[in-house]
Number of protein chains: 2
Amino acid sequence: MDAMDWAILGELQADARLSYSELSRRVHLSAPAVAERVRRLEETGVISGYHAHVDLGRAGRTVRALIRMDCYGARCVLRHEEVLTQPEIVQVYRVTGDTCCLLVVALDSMAHFERLIDGLSHYGRPSSTMVLSSPVAWRPVTPLA
Amino acid sequence: MDAMDWAILGELQADARLSYSELSRRVHLSAPAVAERVRRLEETGVISGYHAHVDLGRAGRTVRALIRMDCYGARCVLRHEEVLTQPEIVQVYRVTGDTCCLLVVALDSMAHFERLIDGLSHYGRPSSTMVLSSPVAWRPVTPLA
DNA sequence: TGTGAAAGACGATCCCT
DNA sequence: AGGGATCGTCTTTCACA
């Protein structure tokens, strides 16, 4: 992971659809050399994937919330994968502290949200907070000073 | 936003670097037609970008935490953009409830984390929880049933 | 590792449907 | 709005440094 790798990562985090030739121009390296470095970043797992980001609001998911789950021991949602694979749940963090995990959910209506909460309450006590906005929706990973 | 748009969104969310020709094969449409639909999805903002995802652990960011900020009125971090642009902060949610926002942070050490907390405490009272793992790191957006 | 050249594939565009 | 043909560009592979 030298400066060249970080330069390539920076470009691909900003625009994953850049061609190797455009990438090679930006980082001042030949296209085959860039392609080889990208291949290795993928192989070693530094790059975990390339994803189009969909605007949740414009896709109809106007209701967003954070749900802290205080689970009932063995009935913990983390032990029931089928719960976590619901499309409404967009992120799950297992955390320390007095709750077992935090769910980030995005839905199309409050009614749908109410139904989700009802389903989750079988596994633990959900404590919800509505998301008003995301001042930082996502930030590229850079080497820390 | 018909079924074809959703099929294209599904493919590009799974692999943003797919070529139009490969995409056209997968959704059974000609390449120019696919390109035109993608262009419109970008223009209308449904697709907000294409990003390479970097594995935080393999990039040296081994410490992750969620920080709820209980801000001191006008000194709220949401009013101080320079605070939120720090590279350690990877996501920010403005939320309802008794705290003003939730920060998702990723750092290379606990010492660095301590310094971050110290800096934040100027703006409000930070309440932190460590992230153990992400059972669902990210999920593609699909039409809800 | 990185470069340069060559062959095949791909992306952009135009026109027609 | 989609399909087919075109041309310029890009990806990939190779030999070589």
Side-chain angles (χ1 to χ4, degrees), chain A residues 1-62 108 138 140-145, chain B residues 1-62 108 138 140-145:
Chain A
M1 290 288 293
D2 58 10
M4 184 57 71
D5 282 329
W6 279 113
I8 292 170
L9 281 182
E11 296 292 341
L12 286 177
Q13 285 184 96
D15 184 0
R17 282 180 74 74
L18 281 177
S19 66
Y20 288 123
S21 59
E22 176 59 25
L23 206 51
S24 76
R25 270 175 236 125
R26 298 195 185 187
V27 302
H28 309 294
L29 205 67
S30 70
V34 168
E36 173 62 16
R37 278 177 179 262
V38 170
R39 197 193 58 74
R40 286 173 51 204
L41 288 168
E42 292 168 352
E43 205 165 57
T44 57
V46 175
I47 295 177
S48 61
Y50 303 95
H51 307 288
H53 282 209
V54 171
D55 183 292
L56 288 166
R58 285 186 220 264
R61 307 272 197 115
T62 53
D108 52 7
W138 174 83
V141 179
T142 56
L144 293 178
Chain B
M1 288 289 295
D2 58 8
M4 183 56 72
D5 282 330
W6 278 113
I8 292 170
L9 280 183
E11 296 293 341
L12 286 177
Q13 286 184 95
D15 183 0
R17 282 180 74 75
L18 281 177
S19 68
Y20 287 123
S21 58
E22 176 59 25
L23 205 50
S24 76
R25 268 174 238 125
R26 298 195 185 186
V27 302
H28 309 295
L29 204 67
S30 71
V34 168
E36 174 60 15
R37 278 178 179 262
V38 170
R39 197 193 57 76
R40 284 174 50 204
L41 289 169
E42 292 168 352
E43 206 166 55
T44 58
V46 176
I47 295 177
S48 61
Y50 303 95
H51 307 288
H53 282 209
V54 171
D55 184 292
L56 288 166
R58 285 186 219 266
R61 307 272 196 114
T62 53
D108 53 7
W138 175 83
V141 179
T142 56
L144 293 179

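Since the structure is predicted, the reported quantities are computational estimates derived from the model, not experimental observations. A note on names: the letters A, B, ... follow the listed sequences, proteins ahead of strands, and every chain is numbered from 1.
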Undergrad: A:Met1 CE to C:dT1 C1': how many Å, rounded?
TA: 17 Å
Undergrad: May I ask you to say what B:Ser30 touches in the nucleic acid, namely base, sugar-phosphate or nothing, with a heavy-atom cut-off under 4.0 Å?
TA: base
Undergrad: Would you say a side-chain N or O of A:Arg39 is under 4.0 Å from OP1 or OP2 of D:dT13?
TA: no
Undergrad: Rounded to the nearest Å, what distance is computed from the CZ atom of residue B:Arg17 to the P atom of nucleotide C:dC10?
TA: 14 Å
Undergrad: Does B:Ser19 have a side-chain nitrogen or oxygen under 4.0 Å from the phosphate oxygens OP1 or OP2 of C:dA9?
TA: no
Undergrad: Can you measure A:Glu22 atom CD to D:dT11 atom C1' for me and round it to whole angstrom units?
TA: 15 Å
Undergrad: Is the backbone of A:Ala16 close enough, under 3.5 Å, to the side chain of B:Arg17 for a donor and an acceptor to pair up by distance?
TA: yes
Undergrad: Assess whether a salt bridge exists between A:Glu43 and A:Arg40, defined as any Lys/Arg side-chain N lying under 4.0 Å from an Asp/Glu carboxylate O.
TA: no
Undergrad: Among the nucleotides D:dA5, C:dC10, C:dG2, which one has an atom lying closest to any side-chain atom of A:Arg37?
TA: C:dG2
Undergrad: Expressed as a whole number of angstroms, how long is the span from A:Arg26:CZ to D:dC10:C1'?
TA: 15 Å
Undergrad: Taking only side-chain nitrogens and oxygens of B:Arg40, does any of them come within less than 4.0 Å of OP1 or OP2 of D:dA1?
TA: yes
Undergrad: Is B:Arg37 salt-bridged to B:Asp2, cutoff N-O under 4.0 Å?
TA: yes
Undergrad: For the pair made of CG in A:Leu23 and C1' in C:dG2, what is the distance, rounded to whole Å?
TA: 15 Å
Undergrad: Once you apply a heavy-atom cut-off of 4.0 Å, does A:Arg25 come out as touching a base, just sugar-phosphate, or nothing?
TA: sugar-phosphate
Undergrad: Would you say the ring centers of A:His51 and B:His51 fall short of 6.0 Å from each other?
TA: no
Undergrad: Provide, to the nearest angstrom, the distance between the OH atom belonging to A:Tyr20 and the P atom belonging to D:dC10.
TA: 14 Å
Undergrad: In terms of side-chain heavy atoms of B:Leu29, which of C:dG2, C:dG11, D:dG2 is nearest?
TA: D:dG2
Undergrad: Using heavy atoms to find the nearest nucleotide of DNA chain D for B:Ala31 and A:Ala31 separately, return the residue whose nucleotide is more 5′.
TA: B:Ala31
Undergrad: For B:Glu42 and B:Tyr50, does a side-chain donor sit closer than 3.5 Å to a side-chain acceptor?
TA: yes
Undergrad: Quick one: A:Glu36 CD to D:dC14 C1', roughly how many Å, whole number?
TA: 14 Å
